[in-house]
Trainee: 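Can you read through this structure? Questions will come right after.
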Amino acid sequence: MTAPAPPWALLAELTHACPLHCSYCSNPLELTRRSRELTAGQWAAVFRQAAELGVLHTHLSGGEPLLRRDLEQIARAAVEAGLYTQLVTSGVGLSAGRLDALVDAGLHSVQLSVQHADPGRSDQLAGHPAFDAKRQAAALVKERGLPLGVNVVLHRHNLDALDALMELAVAWRADRVELANTQFYGWGLLNRAALMPSREQLAAAGEQVKAWRERLGGAVEITWVVPDYFSGAPKPCMGGWGAVSLTVTPDGTTLPCPAAATVPGLHAPNAAERPLRWIWEESPAFNAYRGTDWMPDPCRGCERRTEDFGGCRCQAFALTGDASRTDPACSLSPDHAALIALTRPGTPPMPVPRRPTTPDRLQERTDRRTR
Ligand code: SF4
Ligand code: FES
């Protein structure tokens, strides 16, 4: 077997703990307990192995990574391994002292999540009074001279504020804005009916993004993550399964994408137990949907199969119960009509805020409200 090309990105989910309660949260329904989190020493070993494997950059993510008291130690280990290291945070807990310690550790950049441009609406969507902390965190990051990214997960309840969100990002001197239409995984999948935007909202937002790109002329990099339920074309999820990126979850479980734990029978390896090189090159989990040999029709004979890789395996599983089917987001998929039915306008229920671990009860509530 030829060894796969090396990965270049590592998503390090340091903890699932989080002060926010976002209804679109894509983390799994069952969150990893804090007592099972990898230690800073174990993370250092992961970063060293990742760099040896070819990884160039890592995102220190969560949950809220600032809830790790040893975050500075973890960031230093990533930097010392030679990785470009970005903190992905809600901003809650990013005091001047902590940022200084992270800068001292060598942190390269910060990505800040924002839920809405209006402080009250933002706090409501976050389920936590977080907006002031975000504003202060943005100012601190710029004062310390680090690149600032602003990430907004877009859905029915904030798409209409896209112009205001862009104004906010410009006012906060963001270098990069990621406008990410909600991808329905984890808790977000349970809230799908409540978060689903309308076609009109998406069309207007698409025009606004175009206008902002023209207005800013490249001074701020704007990424628009497509709403694949509406586009008829699947996203090239993760750049292909086991193609460019690894995700290590808080307890060391190592996955080809953040949602892959939902795919049954994957037997995900653990970076605390197995060498990362073996996981990347030889583990059955990373080879399960690598390349194109696993593809069914219509992907098998499709000329786009090396561009979109048949879409998203986790979405195929979530929508059809079979991870090896063509992603229903594709207009050629035999399951596409079922996906389109989910986008039809109706009266959506209110989104349910993220809670730690009550998936069965939430599912019951969601079922009742969408009946
Ligand atoms: Fe992509 Fe498969 Fe659809 Fe072709 S049939 S566009 S490869 S998902
Ligand atoms: Fe897992 Fe797309 S989220 S393959």
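Whatever order the structure lists them in is the order used to number ligands and atoms, beginning at 1. All of these numbers come straight from a predicted model, not from anything done at the bench.
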Trainee: Could a heavy atom of Arg313 be found less than 4.0 Å from some atom of ligand 2?
Mentor: yes
Trainee: Which of the protein's N, O or S atoms come within less than 2.8 Å of atom 3 (Fe) of ligand 1, not counting waters?
Mentor: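 Less than 2.8 Å away from atom 3 (Fe) of ligand 1 sit Cys330 SG.
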Trainee: Which side-chain N or O atoms in residues 336-350 pair as donor and acceptor under 3.5 Å with protein atoms at least two apart or in another chain?
Mentor:
from: His336; atom 1: ND1; to: Pro328; atom 2: O; distance (Å): 2.7
from: His336; atom 1: ND1; to: Cys330; atom 2: O; distance (Å): 3.2
from: Thr343; atom 1: OG1; to: Ile340; atom 2: O; distance (Å): 2.7

Trainee: When you look at CG of Asp293, are more than 12 heavy atoms from neighbouring residues, nucleotides or ligands closer to it than 6.0 Å?
Mentor: no
Trainee: Donor-acceptor pair, distance only, cut-off 3.5 Å: does the side chain of His16 make one with the backbone of Thr32?
Mentor: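 Present.
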Trainee: Who are the salt bridge (charged side-chain N to carboxylate O under 4.0 Å, His left out) partners of Asp132, not counting sequence neighbours?
Mentor: Arg135
Trainee: Scan side-chain atoms only and decide if Arg76 and Gln73 contain a donor-acceptor pair under the 3.5 Å cut-off.
Mentor: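 No, because no side-chain N or O of Arg76 sits under 3.5 Å from a partner of the opposite role on Gln73.
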Trainee: Distance under 4.0 Å to a non-hydrogen atom of Cys237: what atoms of ligand 2 satisfy this?
Mentor: 2 (Fe), 3 (S), 4 (S)
Trainee: Give the atom numbers and elements of ligand 2 that come within less than 4.0 Å of a heavy atom of Cys314.
Mentor: 1 (Fe), 3 (S), 4 (S)
Trainee: Report the residues that fulfil side chain to side chain contact (heavy atoms under 4.5 Å, CB included) with Ala126, sequence neighbours left out, ordered by chain and then residue number.
Mentor: Leu20, Gln115
Trainee: Hey, does Tyr185 sit under 4.0 Å from ligand 2 if you only count heavy atoms?
Mentor: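 Contact check Tyr185 vs ligand 2: positive.
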Trainee: For atom 1 (Fe) of ligand 2, which of Gly186, Ala259, Cys257, Cys312 has the closest heavy atom?
Mentor: Cys257
Trainee: Does NZ or CZ of Arg305 lie under 6.0 Å from the centre of the six-membered ring of Trp294, at an angle within 45° of the ring axis?
Mentor: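 Output no; distance or angle outside limits.
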Trainee: Is it true that a side-chain atom of Arg48 and a backbone atom of Ala81 form a donor plus acceptor pair closer than 3.5 Å?
Mentor: no
